[in-house]
> 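Can you read through this structure? Questions will come right after.
One is the number of the first residue; the rest follow in order along the sequence. Counting starts at 1 for both ligands and their atoms, in listed order.
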Amino acid sequence: MTQSKQSLGGSSTYAPCSSNNNGTCSSTTASAAAACDPSPSHDILLNNFQLKKKSYRVLLHGQQLVWERMQKVKQLKGSLEIKAPLPEDPPSPEAHRGYGPKSHILHLDDVISVRTGDTKIASIKPKDPQAINGPGEHQPDTRPTSQYLTINYALRLTKSQTDCNRWELRRLTFFNADPYIVRQWDQELQARVHQSSPTRMRVRRLLVFINPYGGRKAGSQTYERHVRPIFQLAGIDATCITTQRANQVRDILLSHDLSCYDAVCCVGGDGTVAEVINGLLFRQMRELGLDEQRPSYIPRPKIPVGVIPAGSTDTIAYSMHGTADVRTAAIHVILGQHRGLDVCSVSNSQTLLRFCASVLSYGYLGDVAAQSENYRWMGPKRYEYSGVKAFICNRGYDAELRLLEEPDLLPTPLEEHLPQSPDSVCSLGESVPSICYANCQRCSFASSIQEQQRSSLFVGEKDAEVETTSSAALEEADPEDSNLTPSEAALLRPRPRPDKLQLPVGSAPSMKSLASEQWKVIKGNFFMICGANITCACARSPNGISRYSHLGDGCLDLILVKKTSLLNNVRFLLNTAGRSGDIRNLPFVEVYRTRKFQFRTFAAASDESYSIAGSCQPIAQAEVGGSSSSSVYSSWNCDGEVVTDLDITMRSHCQLIEVFMRGPHSYSKPIKSGTAPSTPASSSDNVYCCCKD
Ligand SMILES: Nc1ncnc2c1ncn2[C@@H]1O[C@H](COP(=O)(O)OP(=O)(O)OP(=O)(O)O)[C@@H](O)[C@H]1O
């Protein structure tokens, strides 16, 4: 080390970007800079720090922290070695183009917390949550003494061959001899890290439900061992409730005062997540005075939800994050990036029954749910046991389904007009079904439609007009629903037509005519019927039963598995278990993308004589004949819970709940980029993370 700590501290640059368009940077001393009132996100901070006893030039620019090792420059005359001076000009505001090839870049989206201390240990130790105040009020304006600045951040393991969706905690501790500089950096970082945006919310007060009963009954230990330390590191004030019984989460959410919490989080399996979602949605309906059995619309809860897996299958957490890693899920809650998750309503002809977040299944999976509850003492193995039993006993179930197939949103390739990220390659052109990754364009597009829909959900003259239009459209499109009450019709109302919306240039002619929609009627004998709201991926089925379902596109995938031979059923199950298979390729499987489907057993369907302007597609005709005498009914499996109604309508509601997630990334090795700077963080996800399968 040839440079003294004091000299490191003395070289400080503080440059408001707005006045530096020409690239010149007005340098001031650190203390002078600290005295002025910085307007956070547009300023640049540039200082030298020590990191692991090596000298680094560190830059804070917008939402990026960049650090680069200082080069030793050998002087020709004599043997004196000095460090290269700081550059005269600040790096270009255009992202990392101006940064050196060996620069490390950390996006502040991935920062968990920033701490200072007089010693390294003091800066690492999490502070007492009660001593942590909001940014700006966390330090009295006295003489600063801290010389260490620790930045705790999360890093996605992009290079991992096995699980590139996993995130881990990392830490950087910078040293600067000048405590004024350290304080200035601390203040700037705190302000920028806690800046909220429409897609990011840094949680301070969290209500956590822990299910000690699900999975291996290790919810409490999971929380204590893996989640609590991460929440502490982020300074989150978490109020924990360990459940005592089934449905307690739902009941608490229906009655508890939630005004003092920023978010709700659950530690449990799919059943626990479903309880949270049902609790919040029914609570919102109650608050707005809606009829819970026949609501005129489904309102969106304002509070976001965190999902930490501690159940048996954890398909919701896995589909959201691409992994069932507990720490990753906790990190996503802390980092606060949220996306809208579709939720499906499940109703019979009389009433709204419940909401479904993952999958509603009849037949095989319905039987597994119904039977596995009797073997809960076996733990997760109960699914294997009941699975085999239900598989062998399955003789097929007769059913009739009616659905409106969802037309492609943007069927023509528009790649050249739209911003591209590697994961969006097949997200818009729907000739090949797209997979929902982080930064999914299909979901973003649905979200923009969603904003329009949001306005139609609340009372107002303009909104009433939208509602009337939608009602008319509904009657036109769905003659059978015309005998529904107005509230039922509203519940099943389709979203506003995309053709009324602002679409990317060139897309309008490519929209299919929605007027030509026809109801499809499918009768048959089925091994299984699934309405998948999400992929339903889990550790055992990494692609999920519905690989192409999206987290927030307002659609569900209806999967029909015809009853054929036992061997074909085995083929189906093996196909869902691997990464390479695709159930769409199996001849006895049909998949339909829809916003709503109706299910009836043959007996119920034959009681009614409705005329449907659509195709009637009897599939597996031979089997229907063969088993028409079968009077056996299955039950429904809704997020792992058993629903016994046989007359079911499932409808997707676009992005009804905000959840802390970024979406999964693919599993193959990322494409290497020789020229790009190495980045330890991945809020530059668009650049690095979304390689195709
Ligand atoms: N203390 C408790 N005692 C009994 N049941 C509980 C308790 N707390 C929650 N439950 C119920 O346990 C059920 C199962 O929980 P959960 O779904 O979280 O675990 P799982 O079924 O093992 O996981 P998965 O649904 O992912 O397969 C839920 O329906 C919930 O209502």
> Verify the distance criterion only: is there a donor paired with an acceptor across the side chains of His665 and Thr158 at less than 3.5 Å?
no

> Applying salt bridge (Lys or Arg N to Asp or Glu O under 4.0 Å) as the test, list every pair that has at least one member in residues 269-284; sequence neighbours left out.
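Listed once each, the pairs are Arg283-Glu287.
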
> For residues 216-225, which residue pairs qualify under side-chain hydrogen bond (donor to acceptor under 3.5 Å, both in side chains), counting only residues two or more places apart or in two chains?
Glu224-Arg228

> Per the ring pair (Phe, Tyr, Trp, His ring centres under 6.0 Å) rule, what does the pair list look like for residues 242-291, sequence neighbours excluded?
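Only Phe282-Phe355 qualify under ring pair (Phe, Tyr, Trp, His ring centres under 6.0 Å).
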
> Considering only heavy atoms, which protein residues lie less than 4.0 Å from any atom of ligand 1?
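Contacts of ligand 1 under 4.0 Å: Asn211, Tyr213, Gly214, Gly215, Thr243, Gln244, Arg245, Ala246, Asn247, Gly268, Gly269, Asp270, Gly271, Thr272, Glu275, Gly311, Ser312, Thr313, Asp314, Arg376, Arg382, Tyr383, Glu641.
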
> Determine whether the aromatic ring centres of residues His332 and Trp167 are separated by less than 6.0 angstrom.
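Between Trp167 and His332, the centre distance is under 6.0 Å.
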
> Can you confirm whether the side chains of Asp367 and Ser634 place a donor and an acceptor under 3.5 Å from each other?
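There is such a pair between these side chains.
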
